[in-house]
Amino acid sequence: MPVAITDLAAMKARRERFVMLTAYDALTARVLDEAGVPLLLVGDSLGMVVLGHDSTLPVTMEDALVFTAAVARGARNAIVIGDLPFGSYQASSREAVRNATRLMRVGANAVKLEGGARSVKAVRKMTQAGIPVMGHLGLTPQSVNAFGGFRVQGRGERGEELLADALALQEAGCFALVLEAVPAELGTRITEALEIPTIGIGAGPGTDAQVLVVSDLIGLTPDPAPRFVKRYADMRAILTEAAQHFAKDVAEGIYPAPEHQYH
Ligand code: KIV
């Protein structure tokens with residue numbers, strides 16, 4: 001049965017932990033959907049994972065639309081969240097609503113954007129327009145230059161600011177909040193202060209849900225991985241072995257065999 005946005009708050013109320021994974025293509029989306037993953041995020045991490053950039057900053061609205069549409073075509077039951085890329089929502093809330101609408105038109109069920117107080121107005125406008133919005137606080141990769149690198153956020157007094165940002169995003173209408181690379185104690189504190197679910201990535205075990213980038217989950221991304229990554233498969237090794245085996249079979253005339261031929 002399709003997952004509804006409203007199911008998530010109920011899951012939090014029942015203390016039922018859940019997961020979100022990124023997806024960028026229809027085939028992977030279908031597999032993850034059939035595995036029962038309730039939330040598929042077409043993250044702007046696609047800029048690094050799929051397009052080979054060093055950061056998420058070069059991702060364009062056109063990129064986001066193409067990959068969101070692909071994932072939406074592959075998903076059946078999962079909620080598909082389209083990530084608003086850098087520059088697509090910061091200039092004005094009007095621009096934010098316009099670009100969020102474009103993501104919804106290609107099949108997203110919700111959108112995500114980064115930032116606390118500075119994003120509240122845009123969140124309010126989008127939710128008023130009927131667009132479900134997921135917030136994102138902590139190490140927000142679109143601000144990597146302002147942060148001086150991919151660094152843990154919210155240590156010391158900055159934790160109070162993040163808590164205030166989280167409450168402001170909830171008040172503005174966000175249905176869930178990603179917390180990235182913050183101290184575990186802060187992840188728990190924000191989770192306990194909110195009615196909406198928190199989805200952690202490097203935010204400790206106290207959040208309501210956990211998210212990983214799918215290529216990290218399956219061990220496709222090279223080392224070094226961030227501290228919070230746990231690899232649940234070694235696809236790098238599996239793919240290397242398959243490619244080498246294929247090349248060996250061809251070199252030795254083993255492939256194609258009679259059963260692979262047309263007559
Ligand atoms: O872009 C992305 O994949 C994300 C997740 C890491 C939360 O924002």
Side-chain angles (χ1 to χ4, degrees), residues 8 18-25 28-29 32 37-61 63-68 70-71 75 78-90 99-100 103 108-116 119 123 132-144 147 149-154 162 165-166 169 174-182 187 190-191 196-204 207-218 220-221 225-232:
L8 305 177
F18 56 95
V19 297
M20 176 163 83
L21 280 167
T22 66
Y24 314 105
D25 66 275
T28 309
L32 299 179
V37 175
L39 296 170
L40 296 179
L41 170 66
V42 191
D44 62 355
S45 51
L46 71 88
M48 299 168 86
V49 174
V50 185
L51 302 178
H53 296 298
D54 289 338
S55 78
T56 60
L57 301 189
V59 176
T60 63
M61 211 33 231
D63 296 331
L65 289 168
V66 167
F67 291 102
T68 300
V71 170
I79 297 169
V80 174
I81 300 122
D83 214 356
L84 282 162
F86 180 61
S88 70
Y89 60 93
Q90 290 90 343
N99 283 320
L103 286 173
N109 307 114
V111 302
K112 178 171 84 59
L113 86 181
E114 298 184 2
S119 297
V123 171
V133 183
M134 178 179 281
H136 187 162
L137 289 175
L139 170 49
T140 44
Q142 291 174 15
S143 301
V144 63
F147 293 152
F150 292 96
R151 297 169 199 275
V152 174
Q153 300 295 311
L162 282 187
D165 280 345
L169 288 172
C174 280
F175 71 91
L177 185 63
V178 170
L179 289 175
E180 179 163 355
V182 299
I190 293 177
T191 301
I196 58 170
T198 55
I199 306 176
I201 176 160
T207 55
D208 299 300
Q210 298 288 332
V211 53
L212 281 175
V213 168
V214 69
S215 43
D216 288 340
L217 175 96
I218 63 174
L220 205 51
T221 32
R227 184 185 173 93
F228 55 76
V229 169
K230 177 170 175 182
R231 297 197 162 117
Y232 284 85

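By convention here, the first residue in the shown sequence is residue 1. Remember, it's 1-based here, ligands and their atoms both numbered in the order they're listed.
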#### Entry: Atoms of ligand 1 close to T22 [distance to a heavy atom under 4.0 angstrom, numbered from 1]
3 (O)
### Query
Is K112 in polar range of ligand 1, meaning some N or O pair under 3.5 Å apart?
yes
### Message
As an exercise, identify every atom of ligand 1 less than 4.0 angstrom from a heavy atom of D83.
### Response
1 (O), 8 (O)
#### Entry: Close N or O approach (Y24, ligand 1; < 3.5 Å)
no
### Task
Please tell me if the side chains of L39 and F18 come closer than 4.5 Å, counting only heavy atoms from C-beta onward.
yes
### Summary
Distance col, row E180:CD vs F228:CZ, nearest 0.5 angstrom, shows 5.5 Å
#### Entry: Considering all heavy atoms, the nearest L139-A181 contact
CB-CB, 3.6 Å
### Task
Look up atom CE in M48 and atom CG in D54, then write down how far apart they are to the nearest 0.5 Å.
7.0 Å
### Query
Which atoms from ligand 1 have a heavy atom of H136 less than 4.0 Å away?
8 (O)
### Query
Can you list the atoms of ligand 1 that are under 4.0 Å from a heavy atom of I201?
6 (C)
### Task
Indicate yes or no: does an N/O atom of S45 lie under 3.5 Å from an N/O atom of ligand 1?
yes
### Summary
When every non-hydrogen atom of E114 is compared with those of Y89, the smallest separation belongs to N-OH, 3.1 Å
### Task
Identify the heavy atoms of D208 and P197 that sit nearest to each other, and give their distance.
OD2-CA, 3.3 Å
### Query
If you look at every heavy atom in L212 and L217, which pair is closest and at what distance?
CD1-CD1, 4.1 Å
### Per-atom contacts of ligand 1 with G43, taking only distances under 4.0 Å to non-hydrogen atoms
1 (O), 2 (C), 3 (O)
### Message
Looking at non-hydrogen atoms alone, which of L41, D44, L139, I81 comes nearest to atom 5 (C) of ligand 1?
### Response
L41
### Message
Checking contacts here: is it the side chain or the backbone of L46 that comes within 4.0 Å of ligand 1, counting heavy atoms only? Could be both or neither.
### Response
neither
